[in-house]
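Worksheet: one structure, shown below.
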Amino acid sequence: MFFFFVIISLQAYDVTAKNRFPKPEFESGHVQPETITPAPRAMILEYLDVFVLIVALSLISWLILKKRSRKGVFWMSVFTILYFGFYKQGCVCAVGSVQNVTLALFNESYNIPITALLFFVIPLLYTLFFGRTFCAGVCPLGAIQDIFAFRPMPIKAWLEKVLGIIPFIYLGLAVLYAATGTDFIICRYDPFIGFYRFDATFIMFMLGAIFLLVGVFIARPYCRFLCPYGALLNIVSRFSFKHMTITPANCINCKLCESSCPFGAINMPAPVKEKEKTEVIVKRYILLSVIVPVLVFAGGLIASNFHENLAMVNHKVKLASEVMNNTNFGVKDKEAIEITAFKTSGQTVDQLYSEASAIVKEFYFGSWIFGCFIGLVFGLTLVSLTVFKYHSDYSPDKATCHSCARCMDYCPVLPEKK
Amino acid sequence: MIKEKEHNNSKARFWKSVMIIAGVFSFALCILIIGNYFQINKADPVNTKVINTLVERLNHNPGDQVLRNEIREFDLLARKAYFTNQWQIRFGGYLLFFGIIVMVISVLMMDSTKKKVQAITIVKDNKLPTIQRNARKWITIGGIALAVITLIFAFLSHNELGNKFLQKELSENKLNNKDSLTANSNIIQNNDTLNSKTDTTNVDTAKTASLIEFPTAAMMSNFPSFRGPGGNGIDYHKNIPTSWDGASGKNIKWKTAIPLPGYNSPIVWGDKVFLTGSNGTKQQVYCFDKKSGNILWTADITGIEGSPSTAPKVTDDTGYSASTLTTDGEKVYAIFATGDIIALDMKGNKVWSRNLGVPANHYGYSSSLMLYENKIIVQYDQNNGAKVMALSAQSGKTIWSTPRKVKISWASPVIVNTGSRVEIILIAEPYVASYDPATGKELWKIDCTSGEVGPSVAYANGIVFALNEYAKLAAIKIGDQPKILWENNDYLSDVPSPVATDKYLFVVTSYGEVACYNPQTGDKYWNHDFGTGTYSSPMLVGEKIYLMDKKGTMHIFKADKTFSSVGDPKLGENTVCTPAFADGKIFVRAGNNLYCIGK
Amino acid sequence: MSSEEKHKITRREFIRKGMQLSILIGLGSIAGGLITKTISEKTVWQIDTKKCTQCGRCATSCIKKPSAVKCFHAYDMCGYCDLCGGYFKPGTKDLTTAAENQLCPTSALKRKFIEEPFFEYEIDKELCIGCGKCVKGCGAFGNGSLQLQVSQDLCDNCNECSIARDCPSNAFSRVLNSTSYLMLGLRDSNKWKNKL
């Protein structure tokens with residue numbers, strides 16, 4: 001390991017602020033040492049990260065779509081764990097960049113580093129073109145889970161759909177908190193970053209260990225049921241230009257791949273005879289479509305009533321309410337650090353109240369939008385669950401398929417020769 | 001074929017045992033690390049209670065060598081434990097990482113020996129409509145459960161947080177709203193009358209003009225604020241002495257030491273004289289007996305909510321209490337560089353206090369307070385968020401607050417009666433602006449100054465005189481469309497303010513030169529160099545100008561077309577403060593003393 | 001039937017194309033909208049020493065153990081005092097380096113005699129845990145030359161700094177890579193510059 005030590009040269013420096021004790025003039029010829037301020041990681045390495053991201057995404061897309069190689073994806077995952085994980089220590093990752101982008105959109109004073117913006121946009125673009133190849137082996141969070149998925153067990157298909165809503169709620173919350181400048185919750189509760197850094201709080205380590213242990217049996221639990229960036233990719237991937245296929249040619253319905261997908265992301269053939277009566281479907285479809293706006297409104301109404309609880313996460317609001325109620329952050333025998341710091345800051349209580357009430361107001365509007373979004377997600381999920389999609393072949397479900405290429409190994413069909 | 005299978009089996013067995021060993025190893029390490037983690041929290045070197053108590057004991061008993069050694073041992077032990085613990089955790093982490101890697105590899109190897117194709121498990125119940133129905137059902141249930149839980153939580157903790165904050169904040173501004181409402185309706189009424197009865201407007205304004213009583217008789221018979229009533233540099237007393245001598249004590253009634261330093265000037269009301277002092281840690285208000293010079297009371301300003309625990313940085317030539325107090329005869333009001341403002345009754349008891357936020361001011365806050373009809377006017381021109389405020393004299397609550405787009409200013413407000421209305425006139429880079437004292441509405445403004453403005457403005461006969469060093473002297477004809485009558489930059493000032501009458505304008509430079517102008521045209525009548533630097537502002541008393549220089553010599557001269565000196569009595573102690581005048585007396589803060597000059 | 005099928009497919013295709021286009025436009029507008037707000041430099045976390053109140057949370061809140069926040073010494077501001085408020089516990093009688101006199105819990109602050117009456121103080125970064133006790137002492141009784149700063153070689157530069165969130169005085173902020181130290185007494189012309 002090496003550090004850059006930039007040494008401050010000896011140069012006349014006039015101390016503008018008057019010091020209580022003047023700087024001595026040494027008679028013994030003693031030379032005053034320099035203040036050493038070690039440099040951060042060099043900028044060029046940040047751009048290298050973006051470059052590596054692009055190369056890795058291109059490579060893995062090629063491996064999946066053209067080479068159809070599970071082995072290649074596996075080794076890419078290993079590379080990702082080593083580079084984006086252990087070397088780069090997981091920051092800024094595409095998952096967390098959602099918050100940087102949101103903060104930049106809502107906060108005028110925040111300038112987003114171009115690398116963070118690129119980490120947000122590039123995987124989305126690749127997903128639009130090639131499906132979720134980013135998830136397959138370029139995301140350090142996904143890669144580590146993928147490798148730990150030793151004994152995947154299928155979970156009920158309907159449960160998969162139900163739990164699939166959670167990422168959207170998480171995304172909504174993350175955007176709400178990032179937009180109000182409160183917190184980056186995705187980063188705060190990133191379960192695997194501790195492993196990559198060999199350093200984390202105990203809770204974070206435990207969270208990571210639990211996810212990995214669960215991940216042995218239920219493959220990629222974080223990706224499927226929590227990842228907020230995955231929620232975005234899920235939507236974009238549905239409309240991807242190209243997407244991996246299970247079979248290189250025509251499906252022969254051999255059923256060999258049926259249980260190969262650890263994520264339950266393979267659409268089974270759904271013959272017409274299974275279809276319910278058309279009028280039942282149509283009736284339900286219309287009913288649910290009507291309900292969507294109601295759900296949107298109800299969601300907004302409920303969440304807006306909840307806005308105070310959401311706002312209490314904000315430290316300024318918390319401080320204001322502690323000051324208002326004289327509760328001293330629950331500290332008994334002495335003044336809480338926050339209260340002391342607030343008094344020292346020179347801000348008046350009025351200013352604090354007015355700032356806090358402005359933030360609470362932001363949260364009120366924010367939680368309306370958040371609630372409407374959640375209502376919309378529930379509504380659209382319900383609507384989509386009434387649509388009967390014909391499938392004559394086994395094909396990956398483009399929304400939830402992580403492009404891990406496991407199923408390809410099970411397909412006996414040989415590619416057509418040109 | 002069979003051989004190969006056997007080989008595969010033995011391979012699988014091997015990897016399985018490797019996996020189990022690695023797994024057990026990792027698990028054991030995990031337990032150890034967790035154990036260590038809790039220990040590390042115990043061995044936190046920052047909060048070693050044992051050592052702290054031992055040191056406490058040592059302080060009571062400084063000669064105890066045994067105790068000393070005990071502390072040293074404990075300290076070494078605690079530090080060792082902490083760093084070893086950390087090393088252990090780190091090393092353990094690497095070992096665990098290694099164990100997990102071995103486990104992962106063995107599992108992968110084990111799997112690779114197995115046959116790829118597994119038996120086709122036919123999943124029942126995988127018909128699409130069934131799945132969809134189930135999913136719909138559970139999404140609905142989940143959604144409702146989520147909604148109910150959210151609503152319950154929302155209901156339980158519903159406390160109108162935002163509104164409460166607003167109420168807390170608005171309770172202070174309520175007065176303001178009421179005031180501005182009535183004021184607005186007044187304006188509307190006035191406008192109506194103006195529009196409908198054009199003929200009577202002159203009468204109306206004449207009426208209102210005669211109705212305005214400012215400065216009030218009480219103010220004029222006292223000396224309630226910096227530079228006299230309204231802060232315009234004019235005193236209304238008649239029998240002010242013109243000769244004294246500090247060295248011989250002639251006409252010096254008394255001299256009293258002021259406990260804490262400060263550059264604020266004295267104010268007088270009734271038989272009391274007020275000053276403040278502060279050294280950054282202590283802030284005090286003093287009340288002196290006008291007759292004897294005894295300090296009647298000293299009020300320590302402490303325990304103000306929101307007051308900073310450490311005073312802001314100020315320069316030595318501004319200090320922590322450059323702002324002069326003001327009084328209405330019922331209460332006395334003081335402000336300090338910390339942003340603390342306080343109202344005391346005439347006996348020195350606190351009536352209210354608050355902190356306005358530490359002013360961002362690199363030299364130190366120095367604008368003085370002014371009073372107008374139960375409102376304390378605070379010019380708060382700081383680095384960010386400059387504003388002018390009116391606080392209720394009764395409660396200290398903000399009646400109005402008007403933001404100003406200006407740089408920091410060290411000048412003080414000047415409140416003048418223009419005949420038709422009362423205006424608050426403020427100066428700061430880049431403009432001079434006027435505000436309605438009732439509502440805080442900006443009446444007019446005009447760009448005419450720049451730099452770090454120290455001198456306040458002078459007003460006479462509808463003209464405001466504004467100047468600053470390295471900028472210019474501007475005579476502004478006020479009105480809704482103010483205009484600059486004339487400009488000049490021969491004599492400028494960075495501290496003393498000008499003073500004006502209907503006929504003359506007197507400008508004093510910091511290095512001690514006085515210039516007299518025709519206020520209408522800007523023609524210079526005369527200039528005179530006293531040769532000694534001056535920070536204190538000239539005061540017009542009757543027909544005479546009183547100007548104190550830095551060395552403590554008062555230059556008294558006639559407010560006339562030609563320079564004519566009345567006298568140069570010496571006090572003999574350096575001063576930068578502006579004197580206060582009362583019935584037959586002058587009060588001067590010089591050095592660390594308050595002097596009373598009079599017979 | 002077949003024509004209906006075809007019709008369906010084209011309709012589906014139409015929706016797909018439309019969505020593809022709108023996603024592209026969406027991404028483009030986010031990127032384009034933010035392009036004016038982007039900075040080519042990365043940002044790092046740093047403490048504004050003027051706001052810091054030395055509450056001690058830097059030592060405990062950092063995800064790193066010991067914390068990436070260290071005490072830095074601006075020698076230019078130091079008075080080389082014998083009785084150093086940052087070195088000695090308040091009320092210390094004999095000014096020796098004995099453990100019972102030292103304020104630093106990990107003995108990371110070293111005291112060295114230079115010449116009568118001056119002493120030099122140096123921080124052993126390996127031992128410093130960023131508790132800020134010496135900083136508080138120096139600020140209260142001395143020139144304030146000891147200051148807490150994020151040591152950029154140790155900082156993992158988390159997207160969301162966990163100390164920043166716990167900091168009661170809002171002293172943490174994202175600063176540009178090229179101005180990664182906000183301490184007082186660093187020579188302006190030589191504040192760390194990024195030399196790739």
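Only a predicted model underlies this, so the values are computations on that prediction, with no experimental measurement involved. We name chains A, B, ... by the order of the sequence lines, and we start the count at 1 in each one.
Both the backbone and the side chain of C/Gln20 come within contact range of chain A, each with at least one heavy atom under 4.5 Å from a heavy atom of that chain. For A/Leu128, the part lying under 4.5 angstrom from a heavy atom of chain C is the side chain only. In this structure, no portion of A/Ile186 lies under 4.5 Å from any heavy atom of chain C. Neither the backbone nor the side chain of C/Ile123 comes within less than 4.5 Å of any heavy atom in chain A. Residue C/Thr43 touches chain A through both its backbone and its side chain, counting heavy-atom pairs closer than 4.5 Å. Heavy atoms of A/Ile337 lying under 4.5 Å from chain C belong to its backbone as well as its side chain. Residue contact with chain C, scored on non-hydrogen atoms closer than 4.5 Å, involves the backbone and the side chain of A/Leu125 alike. Within the 4.5 angstrom heavy-atom criterion, atoms from both the backbone and the side chain of C/Asn159 approach chain A. Of the atoms belonging to C/Tyr75, heavy atoms from both backbone and side chain fall under 4.5 Å from chain A.
Looking only at side-chain heavy atoms (C-beta outward), C/Met183 and A/Thr35 come within less than 4.5 Å of each other.
Using modelled atom types, one side-chain atom of C/Lys37 and one backbone atom of A/Asn107 make a donor-acceptor pair closer than 3.5 Å. The main-chain N or O of C/Arg16 is never found under 3.5 Å from a side-chain atom of A/Arg238 such that the two would form a donor-acceptor pair. For C/Tyr80 (side chain) and A/Glu25 (main-chain N/O), no donor-acceptor pair under 3.5 Å exists by modelled atom type. Side-chain N or O atoms of C/Thr38 include none that pairs as donor or acceptor with a backbone N or O of A/Ile112 at under 3.5 Å.
Note: C/Cys158 leads C/Ser169, C/Cys158, C/Ser162 in heavy-atom pairs under 4.5 Å with chain A.
Taking A/Thr115 as the reference, A/Glu46, A/Tyr47, A/Val50, A/Pro113 meet the side-chain contact (heavy atoms from CB on, under 4.5 Å) condition, with sequence neighbours excluded.
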